[in-house]
Each structure stands twice: as structure tokens, then as C-alpha cells.
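Just the heavy atoms: all of them, side chains too, but no hydrogens, waters or symmetry mates, feed the values below. In the text below, chain A, chain B and the rest are named by the order of the sequence lines, each starting its count at 1.
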Amino acid sequence: MTTQHETEKVSRRSLIAGIAAAGGTAAFAGVAAAQSMPGHDMAAMQDDAPSAVNPYSAPSIHEGGHGQMITVGRVDAAANGFDPTAMLTDWDFGTVSLMEDGRVLRTFEVEAIDKDIEIAPGVTFPAWTFNGRVPGPALRAKEGERLRIVFRNYGSHPHSMHFHGIHSWRMDGVPGAGLINPGEEFIYEFDARPFGCHLYHCHALPLKRHMHKGMYGAFVIDPDPELHPEFADAARSRLYGTPENARWQELVMVMNAFDTNFDNANEFYAVNTVAHAFAQQPIRIEKSRPVRIYLVNVTEFDPINSFHLHANFFDYFDTGTTLTPTLRTVDLIMQCQAQRGILEFSYAEHEAGPYMFHAHQAEFTELGWMGMFDVVEA
Amino acid sequence: MTDTSPGAPTAGWRRFAWLLAPLLVLAVAVAWIASVDPLRSFNNGAPPVEAIAFERVVLDSGGIKTFIRAGGSEPMTIAQVQIDNAYWTFTMDPPGPLARGSTAWLQVPYPWVLGEAHRINLVTNTGATFEHEIPVAVPTPVATQGQLTQQAIVGAIVGILPVAIGLMFYPALRGMGSLGMGFLLALTVGLLAFLLVDMTFEALELSLQSAALFQGQAMVILAALSTFLILMGIGRRSGQPEGLALAFYIAFGIGLHNFGEGLAIGAAFTAGSAGLGTFLVLGFAIHNVTEGIGIAAPMVDRRPPLWTFGALTLVAGLPAVFGMWLGSLAYGPQWSALALGIGAGAILQVIVEVTSYFLRRAEREGQSWLSAPVLSGFLIGLAFMYVTAAVIKI
Ligand SMILES: [Cu+2]
């Protein structure tokens, strides 16, 4: 039971509470000592527990590191039309053709669509989407290519695609430069540069609403090894389609969150939209192959988000625009909104098993932004 | 049959038919509205209105349990449960969507911490959230026999004891002259006026915590009004009550007041957040002594048998004990609001009766109804209750 000191403290504070609980009423009551306290004697706890779970005991290994602190149920990925796990490796390379000058022209097609999506088990969110998914397609190109993005607005509001990259003001996706009305089409065209891990998002006003409704996605430009002879190996390992790149287990993770009750604070935090998705279905990682994460933060309403890796450290390339790390051997990075970067690490020397990763704002973790790597042999 | 008029059965039948006709039209109208759904054109795609009232929260070794009542325009579904900004597994009994007005228990295996605050947040399938705060977490007392005995003792200390002490002033009051009597009755009206105001606001405040479908504020006012009229009706069956009868009415009104207080105290106990100090019990006891004096006042110029004092004490004080028991066993804020509303109606009746008794006395004895002793009695009654209540409220 409690010490004398604690008892005093409790009864003093309870006094205020008693009044509150009675609705400011008959602010009376008895003596604290008169109440029996069945709850806090750890030894006596199992008898009258109505549930099978003892909330005060440590969770077992079967509970996957989250114990009882998790959303209940599963999201219907089929009905949603997208699956957070599949999204990790689902790149949109567009269609490729050659221009008259011999350069590659890469064309993407993106549609804005209003769509109700299930962001946590049983919770529907009236989203605005690119291509019916949140985040939108992870567009991937190679440095120096000509990009053409055909954007059609089938949504109920004006929308645009604002790319983080280098381009003309006319291609910027702000009002008067590619922000279009429902039923209209716009073609953004610019060169793929600089290489790195970028993003795109709708820049219609009010900006905050269009962003937290789901209008964003990853935009990755792989470096051209020929343009970076001094770091050609690093560039080749990044460039999709090379044997060096094929070694890597590449994942695209978009940190996002949802304000379901429209109070300008988020009820759910996630990577790739679905709260606790990778806690309930850990991401399979082969020990022998290094891991590269393209990490983008589009969390609305909170100034920063973060990524913390358990039992390991990683190299970090802020914005991915360099071929040498901007941070070496760290286990936590912060990103403000629209900040992004590349993480590289390996579990080669670890024993196989479940390894956690999550935002290290405990609140975000507990509201869904937490997952596991299932590190396996081979 | 003693009816000799040949036309009577037909006339009776015709009257019945006239009664039937509007009912028939109503039935047809209801069926038509339900089938045609003329409101459909107003549907603009907005999600249904949702509302949840937390009627009870229980903290025990299994975690946090809460009894909720849905008040949505359509059945609503609890999708997820947050405690302290963390999603937590939960079970719901009965499971599934909650129809308007229906209730369910939610059980969350959450390791709450003694003496700290916790926050329950229910997320529905539309993403709407409903929050309830536990200001200080203390295990919910289990309704054991020992617990009920403890509550009875506390109930007796704040309900029965002060009324008994107040009635013990009776011999001292007897020697009073008619001015003193006027002072005393005015004092009674003053304390009752305080109770009326206090109870009404408490009832209205509690009613806001209850589910919208109870229409708490209207319920409180209507309950008070009905109680007032019923008690007036009963009281005036055989003339205007005086003496012993009036004392019993006062005791009854104060008893209802104490019952409502007991309900709220018992509920606070059950919410696990009512560990209060001895000085508050004392404060309450002193506060309620005035009630005893008020009950004694109209009997001062009679000589009632001794048993009536015991009976009056029980009528006024015992309900506090029942209130505490009931409040700790089954509680929704709407029931406390209802009890307090009824109590307010009863107090109003007593105020009217004591005032009219006092006015009749004043007229009989040719005194001014607003003399200095009367005015000071009323104000002292008000002030005494106000000041002692301030001690209790903290
Ligand atoms: Cu938009």
C-alpha cells in the first residue's frame, strides 16, 4: 500500500477532484481512509481482475513489443485500394520515351480524387488523394531526365502539384502556375534535378487543409553516376536498375498524420497512413542486405517529426542531395514539415528477430507511429 | 345496464368514432412520412450528429472501465479508444454500434497511476472524439458491506446529526416572544432560499453532464415544478399547514435536498475521487444544523410529543444515507440532477408554506411583515448558509 506521504498527497488532491466529480455540488465526502483500495496492492491484483489481461504486468514477446497499447482491429486494405506494406516498395516510374535530342522523357499521370479512406481500424477519413491513395504515388526518376507530369483534377476542389525541385515559376503548382479547377488538366514539365529524396504536394489554399487531407507524396531523383565521378559507386548504389542498387532493400516511408475531428491536432500518426500498420505486420528485412529508407515528413500541425531506430545506428543524407552522409552513426533524426532524407543501415551483425522503429515523440508513437523490422536470416 | 335512452349507444359510438378519426389520420401520416422520407432532400452528405455521455468511470486492478450512453442521431460506432493520448486495446459490452440512448461498458486494460490524472478519449468511426477526464485516479470503492456501513456513518454525520442538533434548540426557542418568532421563521425562509438557489444551480450543472436526450435542464425545471405543485396540492387538502404539519413539510423538503446531496457524494465516492478531510465533514455538519432549527421553528408555540422529534430527524436526515448508497451503486448524472430538481420543488413548496404561515401570524398579531427582526432573520439565514457553504466548497 501507499506510504504515509503518498496518502497525504492523494487525499489533498482528491479533495479538489471530489468537488469536481460531484459537479461542484454537495462538495462533501468522507474520509480517504474509509475507502478500501483494492486496486493498488500488486499482490492482490489478480483476483478481481475482470479482464484476462493484467495491465500492470509486462507484455509478452507475442504482443510484438506494443502490449495492449495499440489500435484494435485491422484496416481493410482491399477496400482502401492501397496497403502500407506494399507502398514501401511501390515506385511509380512513369512511362519513358526519347526526345528528339536523345534525352529521356519520363511521363507520369496523376489524378486528384476525393476518397474516403480507412486510416485506422474502423475509422474513416474523408481524404483528398493523388491517384486514390495516401500518400500519393512515389514518383521516381533519374537525374537529368525531362519530366512531364500530366495532372487531372477529378476532385471537388481546386488542386495542384507543387514539386520540391528546381523548375520555372510557371511549373510551381501555386495559384496562377498550375493550380487548376475540378475537371481541368495541367501538364508540369521540368528537368529532374537536383538528385535526392524530395516530395510533392498540393499547394491550393487553404494549404494546411489540402495537405492534411492527404495530398502529398514522395518524389525521388536518383543520381546519375556519370555526373559524379568522384562518388560513382555511391551514385550507382542509389540508381534504380543497377546491380549495385539491387543489393539494397529500399523502402519509401512517408510520415503523416490525421486530424479526424478537425481541431487542428492529430488523432492518428503513421508511416504510409495506417496507424500501427507495421506494428501489426512487421517489415521483413534480410540480414545480409543493407537497408535504405527514403523518409519524408508531411506531418501537419506538429512542427517536427522524428525517426528512431532501435538497437542500431544509421548514416543520414539530409534531403538526399549529397552522396556522402550529412550525419554519421546516429540513431535518431528530426525532420520539420517537408524535410526529408535518406537513411542507410544494416542489421548484418545482429541476431535475427523483431527490431522496433518509431518517432521518438512518445505521443506520436502511442498514437500510431511505431513499427517493427522483422530481421530474418539470408 | 341502467341506461334507458335508446339513442345513447349510437351517440357513444359516434363520439368514439370522432376520437378515432384524428388518431387514424395521425397513424397514416406517420406511415407516410416514414415511407416517403420527405427529409431526404435535406441530406447534404454531412455525417450524422454524434454525442456520448460518460455516466460512470470505474478504476480497478483490471484497468479503466467506463459506462457510456450514446446520443447520436443515428447508431454510432466506437472505433478506437485513447487513454492519455495513446491507443489502447479495449473490449465493449455489448459490442457493435450504439443506438440512440443505448449504453455500453468499455473496458480498457490501462495501468492507471494512483493519484494522477488520466484522460479517456473515444474515437468513433467518423473520427469524432469524445473526451472524459479523470482528475485524480483512485481505485473505485467496491460496494462491500463494510463500505456501505462507512457510507451510512458519513451520511448520518452530515444528514441526521446536524438536524438532531438543530432540533435540540427547540426548548431554547420556546421562550421566544412573537418578535423572536418572526425572526426565527424569517431565518428559516432565508436558509431555504439559499438551498433553493444552490440546488437549482447544482441540478442544472449536473444536467449538463448527462446525455442530451434526457434534456437535463428541462427535466430539472419540470421535475421541480411538478414536485412543487403536487406537494402544494397534498399540503392544502386540509387547509394551510401549520405547526407540526408544516414542520414535517420542511423536514420532507430538506430530506429530499439531503437525498440529492447524498447521491452526488456517493457518486463522488464511486468515482474514486472523494477522499475528503474531517474538517469538511464538520463543515457540512455545522452547515446543516440550521436545517434543524428551521424544522423546529413552526412548532415553537405548540407542544408536540417527543417521538415527533425523532421522526422529523429521520425524515430530514436519513435520505442522505440512502442517497449515498444509491449514488455509489448506480449513478448517472441525470439521476442526481433529477433528485436535486425534485428537491428544489419541495424546498419551494416549503418556502411558500412557511412564508404564508408567517404572514398569517403577522396579520393575527398586527405586526409588520418586514420588521427589522424579520429582515435580519432572513438575511442572517442566507448569510449563515452562504458562509458555511463557502467553507465546504473550498
Ligand atoms: Cu489540394
Identified side chain to side chain contact (heavy atoms under 4.5 Å, CB included) partner of B:Tyr87 from the options A:His276, A:Met69, A:Gln68: A:His276
Closest non-hydrogen atom pair, A:Pro55 against B:Pro111: O-CB, 3.3 Å
Heavy-atom pair of closest approach, residues B:Thr124 and A:Val123: O-CG2, 3.9 Å
Side-chain heavy-atom pair B:Tyr110, A:Tyr56 within 4.5 angstrom cut-off: no
Over all atoms of both residues, closest heavy-atom pair of A:Pro121 and B:Ala79: O-CB, 3.8 Å
For A:Glu363 against B:Asn85, the heavy-atom pair lying closest together: OE2-ND2, 3.3 Å
Backbone N/O of A:Val72 and side chain of B:Gln80: donor-acceptor pair under 3.5 Å: yes
Under 3.5 Å side-chain donor-acceptor pair for A:Asn261 and B:Thr129: yes
Engaged part of B:Asn121 at the chain A interface, taking heavy atoms whose separation is under 4.5 Å: neither
Pick from A:Asp116, A:Thr260, A:Asp263, A:Thr365 with the largest number of heavy-atom pairs that fall under 4.5 Å of chain B: A:Thr260
Minimum heavy-atom distance between A:Glu267 and B:Gln82, given as atom pair plus value: O-NE2, 3.6 Å
Residues, nucleotides or ligands: over 12 heavy atoms within 6.0 Å of B:Met92 CE: yes
Heavy-atom contact with chain A under 4.5 Å, split by part of B:Phe201: neither
Separation of B:Ile83 CD1 from A:Glu366 CD (nearest 0.5 Å): 11.5 Å
Residue pair A:Phe125 / B:Thr126, side-chain heavy-atom distance below 4.5 Å: no
From CD1 (A:Ile70) to CH2 (B:Trp88), nearest 0.5 Å: 10.5 Å
